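The structure appears right after this line, and notes come after that.
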Amino acid sequence: MDASSDTAIAAMLLDWYDAHARTLPWRAAPGTPAPDPYRVWLSEVMLQQTTVAAVKDYFAAFTTRWPTVKALAAAADEEVMAAWAGLGYYARARNLLACAREVARLGRFPDTEEGLRALPGLGAYTAAAVAAIAFGRRAVVVDANVERVVSRLFAIEEPLPGSRPAIRAKADTITPQRRAGDFAQAMMDLGATVCTSRSPRCLLCPISGPCEARRMGDPARLPVKAAKKAKAVRQGRAFWIERDEAEVWLVRRPGSGMLGGMRALPDDGWAARIDGSGEGPLTGPWESAGKVGHVFTHFALELNLAVYLGDGFEGLEDGEWWPLDRLNEAGLPTLFAKAARLALAEKEDA
DNA sequence: AACTCGTGGGC
DNA sequence: TGCCCAAGAGT
């Protein structure tokens with residue numbers, strides 16, 4: 001495909017975007033001034049591997065509580081981690097704070113792709129997206145939507161992830177000099193609403209004309225993906241230790257690794273071993289309260305919940321008593337929120 | 001380069 | 001129901 005038709009593809013997409021852009025809280029309407037870089041950056045980080053629907057409430061909560069990057073930079077770590085609880089990929093929250101503090105130190109966000117790429121939590125995608133959307137730079141923005149659209153548009157048969165260099169090269173050829181931010185968002189909207197993974201709506205697609213996969217007759221076949229390996233099932237235990245029917249013992253997880261930096265129930269170390277050791281933070285007696293299942297990216301966990309029935313608390317250290325009536329403010333990641341629900345439900349029955 | 005790292009929704 | 005998938009980054 002020659003350069004003039006590449007330009008035509010961008011023009012078709014931008015026309016479509018002008019008419020059909022989704023209205024999103026972090027987005028400016030097509031043709032209007034770019035939104036605050038802080039909001040663009042925050043939304044892009046939240047949207048990493050995360051659906052728009054899941055992000056909306058968190059974005060509203062964060063921007064209400066911390067309206068500027070400077071305000072976020074001044075926040076306490078545990079406040080931000082608790083506010084992120086439930087959104088997943090908690091390294092994002094740790095990097096978010098590190099990035100906010102770096103930007104506060106700099107005085108503003110870098111306005112180039114290269115400068116943005118040097119910030120914590122901004123990889124190739126996010127740096128390009130913020131450069132294009134917030135600063136009007138021409139940047140080649142490649143996310144999973146763009147990978148899918150480009151794979152189909154050019155009928156790239158090589159499986160992901162090996163095809164990424166070819167996809168990037170093709171994306172580069174169709175990225176316009178002007179309105180690169182709108183173009184990137186147009187590609188993402190197209191991927192989210194028209195060129196979807198399972199059943200692409202080619203009749204609604206503004207670039208079905210030049211689309212090679214469409215011409216070949218089975219666009220949903222692309223992109224080809226490498227087979228993924230089976231998910232292991234891991235066993236673990238978590239411990240519910242209650243005092244005076246009013247407080248529960250919570251710990252803070254280490255700053256890296258699974259659920260790193262998050263408040264949690266004490267557990268037996270299932271995250272670090274094939275199976276947990278089974279030992280709790282104090283000597284029993286324990287009573288089983290059942291188990292909860294949870295699926296992570298690369299393994300599934302069956303978490304057995306043990307409730308402490310004794311009345312002494314010797315041996316507890318590096319944790320805090322947390323009031324049961326404020327448990328929803330503790331910022332427990334979903335696994336432990338499930339376990340807490342189970343513990344409280346068991347009490348209800350008893 | 002291959003692995004780690006969450007979660008909820010859609011089909 | 002189980003599996004796939006989502007605006008990826010860090011190591």
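Chain naming here is simple, since letters A, B, ... match the order of the sequence lines and numbering starts at 1 in each. Just so it is clear, the model here is predicted, and its values are computed rather than measured.
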* Between atom CG in L335(A) and atom P in dC5(B), what is the gap in whole Å? -> 14 Å
* **Between P of dG6(B) and CZ of R234(A), the distance in whole Å** => 12 Å
* Asked: In whole Å, what is the span from the CZ atom of R164(A) to the P atom of dA2(B)?
  -> 12 Å
* To do: Just call it for R148(A): base, sugar-phosphate, or nothing, with non-hydrogen atoms closer than 4.0 Å on any strand.
  => sugar-phosphate
* Asked: Between W286(A) and F239(A), is the gap from one ring center to the other below 6.0 Å?
  -> yes
* To do: May I ask you to evaluate whether H294(A) reaches the phosphate of dT7(B), defined as a side-chain N or O under 4.0 Å from OP1 or OP2?
  => yes
* Distance flag, aromatic centroids of F296(A) and H294(A), threshold under 6.0 Å -> yes
* To do: Determine whether the aromatic ring centres of W240(A) and F336(A) lie less than 6.0 Å apart.
  => no
* Assign G191(A) to base, sugar-phosphate, or nothing according to its heavy-atom contacts below 4.0 angstrom with the strands shown. => nothing
* Touch check for W84(A), heavy atoms < 4.0 angstrom, all strands: base, sugar-phosphate only, or nothing? -> nothing
* Side-chain donor/acceptor of R198(A) to base of dA6(C), under 3.5 Å -> no
* **Separation of atom CG in L97(A) from atom C1' in dA9(C), rounded to whole Å** => 17 Å
* Asked: Looking at the side chain of A144(A), which of dG6(B), dA6(C), dT4(B) is the nearest nucleotide?
  -> dA6(C)
* Give G260(A) one of three labels, base, sugar-phosphate or nothing, depending on what nucleic acid heavy atoms sit under 4.0 Å from its own. => nothing
* **Quiz item: T50(A) side-chain donor-acceptor pair to dG6(B) base, under 3.5 Å** => yes
* Out of dA7(C), dC3(B), dG6(B), which has the shortest distance to the side chain of K229(A)? -> dC3(B)
* Taking for each residue the nucleotide of DNA chain B with the nearest heavy atom, is it A271(A) or K338(A) whose nucleotide lies nearer the 5' end? -> A271(A)
* Structure fact -> Rounded to whole Å, the OH-P distance (Y58(A) to dA7(C)) equals 19 Å
* Asked: Taking the six-membered ring for Trp, are W41(A) and F109(A) parallel (under 30°), tilted (30 to 60°) or perpendicular (over 60°)?
  -> tilted
* Within the modelled atom types, does a donor on one side and an acceptor on the other bring the side chain of T297(A) and the base of dG6(B) under 3.5 Å apart? -> yes
* Among dG6(B), dA6(C), dC3(C), which nucleotide sits nearest the side chain of K225(A)? -> dA6(C)
* Name the nucleic acid region contacted by T126(A), choosing base, sugar-phosphate or nothing; use a 4.0 angstrom heavy-atom cut-off, strictly under. => sugar-phosphate
* Grab the NE2-C1' distance between H298(A) and dT4(B) for me, whole Å please. => 5 Å
* So what does L24(A) hit on the nucleic acid, given a heavy-atom distance under 4.0 Å: a base, only sugar-phosphate, or nothing? -> base
* Integer angstrom distance from the P of dA7(C) to that of dA2(B) -> 24 Å
* Asked: Please walk me through it: do F313(A) and W249(A) pass ring pair (Phe, Tyr, Trp, His ring centres under 6.0 Å)?
  -> CA-CA 10 Å; F313(A) 302 103; W249(A) 182 255; 8.5 Å; no
* Look at the side chain of Y90(A) and decide which nucleotide, out of dA7(C), dC3(C), dG6(B), has an atom nearest to it. => dG6(B)
* Structure fact -> Ranking R117(A) and K231(A) by the position along DNA chain C of their nearest nucleotide, the one closer to 5' is K231(A)
* Pairwise P distance, dG6(B) and dT11(C) [rounded to whole Å] -> 14 Å
* To do: Run the numbers on F59(A) and W26(A) for ring pair (Phe, Tyr, Trp, His ring centres under 6.0 Å), then give the verdict.
  => CA-CA 8 Å; F59(A) 181 81; W26(A) 45 84; 5.3 Å; yes
* 5' precedence on DNA chain C between Q185(A) and L122(A) (nearest-nucleotide basis) -> Q185(A)
* To do: Return no unless some side-chain N or O of T334(A) is found under 4.0 Å from OP1 or OP2 of dT7(B).
  => yes
* To do: Could you check whether V146(A) gets within reach of a base, just the sugar-phosphate, or nothing at all, counting any heavy atom under 4.0 Å?
  => nothing
* Hey, does P120(A) reach any base, or is it just sugar-phosphate, or nothing, if we go heavy atoms under 4.0 Å? -> sugar-phosphate
* Asked: Of all the nucleotides listed (dA9(C), dC5(B), dA7(C)), which has the minimum atom distance to the side chain of Q48(A)?
  -> dA9(C)
* Toward the 5' end of DNA chain B, which comes first, V295(A) or P161(A), by nearest nucleotide? -> P161(A)
* **Rounded distance (Å) that lies between atom P of dG6(B) and atom CD of Q49(A)** => 12 Å
* Can you name the closest pair of heavy atoms from C202(A) and S208(A) and give their distance? -> O-CB, 3.6 Å
* Please work out if M258(A) contacts a base, only the sugar-phosphate, or nothing of the nucleic acid, heavy-atom cut-off 4.0 Å. => sugar-phosphate
* Structure fact -> Taken to the nearest whole Å, OH/Y89(A) to P/dC3(B) is 15 Å
* Nearest-neighbour nucleotide for the S197(A) side chain, dA7(C), dG6(B), dC5(C) considered -> dC5(C)
* Touch check for A124(A), heavy atoms < 4.0 angstrom, all strands: base, sugar-phosphate only, or nothing? -> sugar-phosphate
* How would you label the contact of L87(A) with the nucleic acid (heavy atoms, under 4.0 Å): base, sugar-phosphate, or nothing? -> base
* Establish, yes or no, whether the cationic atom of K231(A) lies under 6.0 Å from the six-membered ring centre of F299(A) and within 45° of the ring axis. => no
